[in-house]
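Please read the structure below before turning to the comments.
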There are 2 protein chains.
Amino acid sequence: MERIKPSEASTPASKWDQLATDWCPVARALSVIGDRWTMLIVRDCFLGKSRFEEFQKSLGVTRHVLSNRLKRLVEDGVLERNVYSTRPLRYAYQLSEKGRDFAPALVGLKDWGKKHMPIRKPAAA
Amino acid sequence: MERIKPSEASTPASKWDQLATDWCPVARALSVIGDRWTMLIVRDCFLGKSRFEEFQKSLGVTRHVLSNRLKRLVEDGVLERNVYSTRPLRYAYQLSEKGRDFAPALVGLKDWGKKHMPIRKPAAA
DNA sequence: GCTTGTACGTTCTATTTCCGAACGGAGAAT
DNA sequence: ATTCTCCGTTCGGAAATAGAACGTACAAGC
């Protein structure tokens, strides 16, 4: 009956982090910006947004998750956190060069969405 | 003290589904292929894979999630489920035209990953 | 025949993540 | 002094995911 084969696990590393070391560049890219919200945050940056509240209102994502994603994006060098006000001390999240280089990928997504995902009405009440 | 403002919710529609009706084509695209694994499945399709076991081995994703994603991709018209064997009755998941049209976006991601996410070793034991 | 192997899922439970809302702090405005 | 804006953090419940086993259907080997 021993159909079981536990397999020799080694570094559990959350499956998602493992992508960062994948042989495929697409997978490695996704390990950074492949999250549900992350790519939309980057999009918003391209649209000129840069502040916590702006992202939050635009996306409707929970503040907790937003905080998390921004932190990651900064760590990964996609965004830079710059002080835009010292008095209350506020930061602006802005695209780094790495982030700006993401434009072509975003355009590819935009074109595909435009062609294959026509606008639908949000479920008429 | 009434700082609370419950807000008038209407259609809970899981936040992620709401993206399908977003004004932005990028968001609408992501509502379909924006999931962690979904884009990698599509990538695998471009690499010639088409069967359940192939995806499962390639990605290491759980069978449950894979089953789910494939179902969605077929529903959304990105993949087609074609019979490749009637005797044991087996299906092959293959790119539709809509799916093949995703190539440019994937290339964009690939280029970005290649440039900005150099290969790292998987955490030397 | 009976067991083993392959291909495709489905089902189960424990863990992780996410959502929704409230809380907190620091200054600005009224 | 109270309210408002901005930027997060914290909390409890809901949902998704991971990991492994199970089920089915057929084919092949003994």
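Treat the numbers as computed from the prediction; the structure is a model and nothing was measured. Below, each value reflects all heavy atoms present in this structure, side chains not excepted, and no hydrogens, waters or symmetry copies. Chain identifiers are assigned alphabetically (A, B, ...) following the order of the sequence lines, protein sequences preceding nucleic acid strands; residue numbering begins at 1 within each chain.
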Between [X] and [N], does any side-chain N or O lie under 4.0 Å from OP1 or OP2?
{"X": "Lys57(B)", "N": "dT6(C)", "answer": "no"}
{"X": "Tyr93(B)", "N": "dA7(C)", "answer": "no"}
{"X": "Ser67(B)", "N": "dG9(C)", "answer": "no"}
{"X": "Thr62(A)", "N": "dC19(C)", "answer": "yes"}
{"X": "Lys71(A)", "N": "dT9(D)", "answer": "yes"}
{"X": "Arg36(A)", "N": "dT17(D)", "answer": "yes"}

Give [X] one of three labels, base, sugar-phosphate or nothing, depending on what nucleic acid heavy atoms sit under 4.0 Å from its own.
{"X": "Arg87(B)", "result": "sugar-phosphate"}
{"X": "Trp37(A)", "result": "sugar-phosphate"}
{"X": "Asn68(B)", "result": "nothing"}
{"X": "Phe55(A)", "result": "nothing"}

*If you measure only the distance, is there a donor-acceptor pair under 3.5 Å linking the side chains of Arg51(B) and Tyr84(B)?*
yes

Of the candidate nucleotides [options], which contains the atom at the shortest distance from the side chain of [X]?
{"X": "Arg69(A)", "options": "dT10(D), dC18(C), dC19(C)", "result": "dC18(C)"}
{"X": "Pro88(A)", "options": "dC7(D), dG27(C), dC8(C)", "result": "dG27(C)"}
{"X": "Lys15(B)", "options": "dC19(C), dG8(D), dT17(D)", "result": "dC19(C)"}
{"X": "Val61(B)", "options": "dG8(D), dT10(D), dA18(D)", "result": "dA18(D)"}
{"X": "Arg51(A)", "options": "dA7(C), dC7(D), dT17(D)", "result": "dC7(D)"}
{"X": "His64(B)", "options": "dC18(C), dT11(C), dA21(D)", "result": "dT11(C)"}

*Provide, to the nearest angstrom, the distance between the CD atom belonging to Gln56(A) and the P atom belonging to dC7(D).*
11 Å

*Send over the distance from Arg63(A) CZ to dG24(C) P, rounded to a whole Å.*
15 Å

Determine whether a donor-acceptor pair (N or O, by modelled atom type, separation under 3.5 Å) exists between the side chain of [X] and the backbone of [Y].
{"X": "Arg28(A)", "Y": "Met117(B)", "result": "yes"}
{"X": "Thr86(A)", "Y": "Leu89(A)", "result": "no"}
{"X": "Trp112(B)", "Y": "Ala103(A)", "result": "no"}

*Would you give the length of the straight line joining atom CZ of Phe102(B) to atom CG of Leu109(A), rounded to the nearest 0.5 angstrom?*
5.0 Å

*May I ask you to verify whether the side chain of Arg90(A) and the base of dC6(D) hold a donor-acceptor pair under 3.5 Å?*
yes

